[in-house]
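All remarks here apply to the structure that follows.
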Amino acid sequence: MELDERKLKILNAIIHNYLQTGEPVGSRTISKESDLNLSSATIRNEMADLEEMGYIIQPHTSSGRIPTDAGYRLYVDNLMKSKAEELESRAQELNKKEKSLDEVKDYLAGKVEQVEELLQNTAKLLATNTNYATMVTTPVSRNNKKVKFIQLSLLEKDKLLCVIVVEGNVIKNRIVPIETEISSEALIKLNLLFNTTLNGLSVDEMNISIASYLTSQAPEYTELIRNIIDVIGLALADEEQLKIYTSGATNIFKYPELSASNTASEIINTFEEKKLLTNLLVDQNGDSENTGIQVYIGNETPVSSMKDCSVVTATYELEEGVTGTIGIIGPKRMDYEKVVEALKKVTDELDDKFKK
């Protein structure tokens, strides 16, 4: 049985009505509120076909229908196939209609000194604007991290502080022990040597020949140079400490299908643990055409406690190869179009801000 245009319109009408009310939708509601110009009997026949195809179900005898996960998936896939130009156009229309989303650009354009503060505020802003729960990760590098800058400073008579700045402006501090005193002039020489030699290199590129060259330029500090190289290599190889900022978890209680005690407590616990959210947010490549956005519906979500939810994620880019993820969690009947537009707008603004 094929899903023809009429069945698709009826399915969309059921979903749109259910998104707004959270109540099963009957044939009379569709005939009154849609522009299909079909009788209730015809709509009932089409709904029976849609039920047989697995796109809607009748939760109780004599009640209306609600969408299944397959119905939501078809709806979302059709939404995500829209051209990028159409998405931008809808976003512009939304800006005119909804002042709250228009605040995103001004809000993100404000002077925020710390990236982490900006991301925390972004999570709060999205939770307020969408009435769903939100998550934002700090950016991580998808490639081998490369050195941008190294600063060696005398911390104590027998200790050097090695400050390593890597791609994404991530700063790592390490202590290097020294066995003999080192002069200020020698320290300047070592700083110049390390920065001119290691700038732009990844840990995989710091091979024996690089180490040999460094020691040949300052043979009197061979042991110290080797210790510094080891410290830099270990710092670059360290697992990045991914942070996840969340906001709006209590918005879950606004939706009856999620506010049941067991369901709500499981979702809240997931938000509090945060580590459980990692599978949901890390390495999402955004395969949906022209959007950079992923939509998980029900059992598609990799987090079992969110099987009754829908999750929409999008990536933002701090610089080439350094990305983070934003996620919005709500009921399966969430306003997907509004969420996609909000995420598209916020990620575009973050990309622009970080690349300035």
*Minimum heavy-atom separation for Y132 to N251, with atom names?*
O-ND2, 3.0 Å
*Could you list all the salt bridge (Lys or Arg N to Asp or Glu O under 4.0 Å) pairs where at least one residue sits in residues 292-307, not counting sequence neighbours?*
R73-E300
_If you define the side chain from C-beta out and look only at heavy atoms, does anything of F149 sit under 4.5 Å from L198?_
no
Show me the side-chain donor-acceptor pairs of residues 37-46 shorter than 3.5 Å, one per line, residues at least two apart or across chains.
residue: S39; atom: OG; partner: T42; partner atom: N; Å: 3.2
residue: S39; atom: OG; partner: T42; partner atom: OG1; Å: 2.9
residue: S40; atom: OG; partner: S31; partner atom: OG; Å: 3.4
residue: N45; atom: ND2; partner: A41; partner atom: O; Å: 3.4
residue: E46; atom: OE1; partner: K7; partner atom: NZ; Å: 3.0
residue: E46; atom: OE2; partner: R6; partner atom: NE; Å: 2.7
residue: E46; atom: OE2; partner: R6; partner atom: NH2; Å: 2.7

*Please list, chain by chain and in numerical order, all residues satisfying ring-ring contact (aromatic ring centres under 6.0 Å, His included) with Y55, sequence neighbours excluded.*
none
*Any chance you could lay out the side-chain contact (heavy atoms from CB on, under 4.5 Å) test for I225 and L190, step after step, and finish with the verdict?*
CA-CA 8 Å; I225 288 173; L190 288 178; 4.1 Å; yes
*Can you name the closest pair of heavy atoms from P67 and I15 and give their distance?*
CG-CG1, 3.7 Å
*Where the side chain of T122 meets the backbone of L118, is there a donor-acceptor pair that is under 3.5 Å apart?*
yes
_Using 0.5 Å steps for rounding, measure from the OG atom of S247 to the CE atom of M135._
12.0 Å
Residues 152-164 side chain polar contacts: donor-acceptor under 3.5 Å, at least two apart:
none

*What pair of heavy atoms forms the shortest contact from G64 to P59, and how long is it?*
O-CD, 3.4 Å
*asked:* Going by ring-ring contact (aromatic ring centres under 6.0 Å, His included), name the residues that satisfy it together with Y221, two or more places apart in sequence or in a different chain.
replied: none
*Spacing of I228 atom CD1 and E223 atom CD [to the nearest 0.5 Å]*: 11.0 Å
*asked:* Can you list everything that forms a side chain to side chain donor-acceptor pair (under 3.5 Å) with Y336? Sequence neighbours excluded, please.
replied: S310
*Drop me the distance from N17's CG to N12's CG, to the nearest 0.5 angstrom.*
12.5 Å
*Exam field: side chain T347 to backbone A314, donor-acceptor pair closer than 3.5 Å*: no
*Is the shortest distance from a Lys or Arg side-chain nitrogen in K9 or E5 to a carboxylate oxygen in the other one below 4.0 Å?*
yes
*For T138 and Y245, run side-chain contact (heavy atoms from CB on, under 4.5 Å): C-alpha distance rounded to whole Å, both residues' side-chain angles, the deciding distance at 0.1 Å, then the answer.*
CA-CA 8 Å; T138 50; Y245 302 113; 3.7 Å; yes
*Nearest non-hydrogen partners of T130 and Y255, listed with the distance*: O-OH, 4.4 Å
*asked:* I'd like to know if the side chain of T128 and the backbone of K124 have a donor-acceptor N/O pair within less than 3.5 Å.
replied: yes
*What is the minimum heavy-atom distance between D69 and N299, and which atoms define it?*
OD2-N, 3.7 Å
*Within residues 18-39 or reaching into it, pairs that qualify as ring-ring contact (aromatic ring centres under 6.0 Å, His included) - sequence neighbours excluded*: none
*Strictly by modelled atom types, are S305 and T270 linked by a side-chain donor-acceptor pair under 3.5 Å?*
yes
Counting only pairs under 3.5 Å, give me each side-chain donor-acceptor contact of residues 175-185, with atom names and distances, residues two or more places apart or in other chains.
residue: S183; atom: OG; partner: A186; partner atom: N; Å: 3.1

_Inter-residue atom distance T263.OG1 - I268.CD1, 0.5 Å rounding_ = 11.5 Å
*asked:* With rounding to the nearest 0.5 angstrom, report the OG1 to CD1 distance, T250 to I267.
replied: 12.5 Å
*asked:* Determine whether M334 and V312 satisfy the following criterion, side-chain contact (heavy atoms from CB on, under 4.5 Å), listing intermediate values before the conclusion.
replied: CA-CA 10 Å; M334 72 160 53; V312 185; 3.7 Å; yes
*Under 3.5 Å, is there a donor-acceptor pair between the side chain of T196 and the main chain of L193?*
yes
*What pairs of residues pass the salt bridge (Lys or Arg N to Asp or Glu O under 4.0 Å) test when at least one of them lies in residues 125-136, not counting sequence neighbours?*
none
*If only atom types and distance count, is the side chain of N199 paired as donor or acceptor with the main-chain N or O of N195 below 3.5 Å?*
no
*Is any NZ, NE, NH1 or NH2 atom of the basic residue among K332 and E257 found under 4.0 Å from an Asp or Glu carboxylate oxygen of the other?*
no
_Assigning hydrophobic clusters by single linkage (Ile, Leu, Val, Met, Phe, Trp, Tyr; side-chain heavy-atom cutoff under 4.5 Å), is L3 placed with M47?_
yes
*Check whether any side-chain N or O of T137 sits under 3.5 Å from a backbone N or O of I244 as a donor-acceptor pair, and report yes or no.*
no
*Examine I188 and L192 and state if one hydrophobic cluster contains both, with Ile, Leu, Val, Met, Phe, Trp and Tyr joined whenever side-chain heavy atoms are less than 4.5 Å apart.*
no
*Are T325 and Y316 close enough that some pair of their side-chain heavy atoms sits under 4.5 Å apart?*
no
*According to a 4.5 Å side-chain heavy-atom criterion applied to Ile, Leu, Val, Met, Phe, Trp and Tyr, with indirect links allowed, do L74 and I57 form part of one hydrophobic cluster?*
yes
_With sequence neighbours excluded, residues passing side chain to side chain donor-acceptor pair (under 3.5 Å) with Y72_ = none
*I30 side chain near V25 side chain, heavy-atom distance below 4.5 Å*: yes
*For the residue pair I329 and T134, establish whether any side-chain heavy-atom pair is separated by less than 4.5 Å.*
no
*Once you round to the nearest 0.5 Å, how far does CD1 of I14 lie from CG of L50?*
6.0 Å
*Could you list all the salt bridge (Lys or Arg N to Asp or Glu O under 4.0 Å) pairs where at least one residue sits in residues 246-256, not counting sequence neighbours?*
none
*Considering all heavy atoms of both residues, which atom of A342 and which atom of L126 are nearest to each other, and what is their separation?*
CB-CD2, 4.2 Å
*Just by modelled atom types, is the L187 backbone N or O under 3.5 Å from a matching donor or acceptor in the N191 side chain?*
yes
_Could you go through T301 and C309, starting from their C-alpha distance and side-chain angles, then the distance that decides it, and tell me whether this counts as side-chain contact (heavy atoms from CB on, under 4.5 Å)?_
CA-CA 8 Å; T301 62; C309 303; 5.7 Å; no
*For L350, which of I326, T315, V136 qualifies under side-chain contact (heavy atoms from CB on, under 4.5 Å)?*
I326
Mind listing the side-chain donor-acceptor pairs of residues 210-217 below 3.5 Å, one per line with the distance, residues two or more places apart or on another chain?
residue: S212; atom: OG; partner: I208; partner atom: O; Å: 3.0
residue: T215; atom: OG1; partner: A211; partner atom: O; Å: 3.1
residue: T215; atom: OG1; partner: S212; partner atom: O; Å: 3.0
residue: S216; atom: OG; partner: S212; partner atom: O; Å: 3.4
residue: S216; atom: OG; partner: Y213; partner atom: O; Å: 2.6

